[in-house]
Amino acid sequence: VAPPLTVVGCYAHPDDETWSVSGSMALLAARGVRCAVWTATRGEAGQITPATGVPPERLGEVREAEERAALALVGVHEVEFGDFRDGAVADADQAELVRAIGSFLRRLRPDVVVTMERGGNTGHPDHMAVSRATEVAFTAYLAEGPDGERPREPRLYQEGVPRSKLAQLRGLATQVGLEFPDEDQPYAPKSAPDELFSCHVDVSSVAELRLRALLEHRTQLAVGTYQLVVSHPEEVRWWLGTESYIRIHPAPRPAERPEASLIEAFAP
Ligand SMILES: [Zn+2]
């Protein structure tokens, strides 16, 4: 009997996973797929929504708890944290970052690995470092070849925002009078060309759950795109209703039909 399908996410900060893969994981966990998330830092250098009253020295532990609560809502209970410093992941020893992700992959033996696209969704150096390191660790994990614990060839996906979808979100923000920074601004949401995306998952049935998972990140609710989610939950539901991925391995064949699930290759 083959071991259960396993899907893991590798990210830099608590909440990256909720924005990125929470809808897909909600659907997969409900189908009995084992899902787990590794996060390089505890987000201890992030902003703090003043109303939460969280002192800066406690932010790391609070954000770890926020991520665990958000993931528990979507049915994901295996959550691990690295000991990298928030804001300094790109400056850390990159071989050590690859080793940490590699050891997570070897323990979990995933069939599907997800991280952010190479541009890090916002250009955040921590995001880009984890995306790069995940590709390197995945390549080594893939090279180990199949065995009894991992009989299937693993696949690597990078989550991102198609250019056309970001344009729609910008339109919505403008319409409701919220400022939405241009893509070239530091840490602004960034898109990738539509044609790179080879997997679009309809997660509309769990969009409400995703919204609630995002709201678990209480210390972050005054920051960036959260403002739109908090102030216009109805209007952003369509945004939360799809997740888009670029498949890195195996690379899509020419004219391949887009996938509709991260496990389509294993359980159509
Ligand atoms: Zn982040």
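In each ligand, atom 1 is the first atom listed, and ligand 1 is the first ligand listed.
- Between the side chain of Glu117 and the backbone N or O of Asn121 there is at least one donor-acceptor pair closer than 3.5 Å.
- Ring geometry for His217 versus Tyr226: interplanar angle of 30 to 60°, hence tilted.
- Taking the six-membered ring where the residue is Trp, Phe138 and His249 present tilted rings, their angle falling between 30° and 60°.
- When each of Leu28, Val203, Val114, Val201 is paired with Val21, the side chain to side chain contact (heavy atoms under 4.5 Å, CB included) condition holds for Val114 and for no other.
- Annotation: side chain of Lys190 is not in contact with side chain of Val161 (no heavy-atom distance under 4.5 Å).
- Protein nitrogen, oxygen and sulfur atoms, that is N, O or S, within less than 2.8 Å of the Zn ion (ligand 1) amount to 3.
- Of the candidates Asp83, Asp15, Asp126, Asp83 is the only one forming a salt bridge (Lys or Arg N to Asp or Glu O under 4.0 Å) with Arg42.
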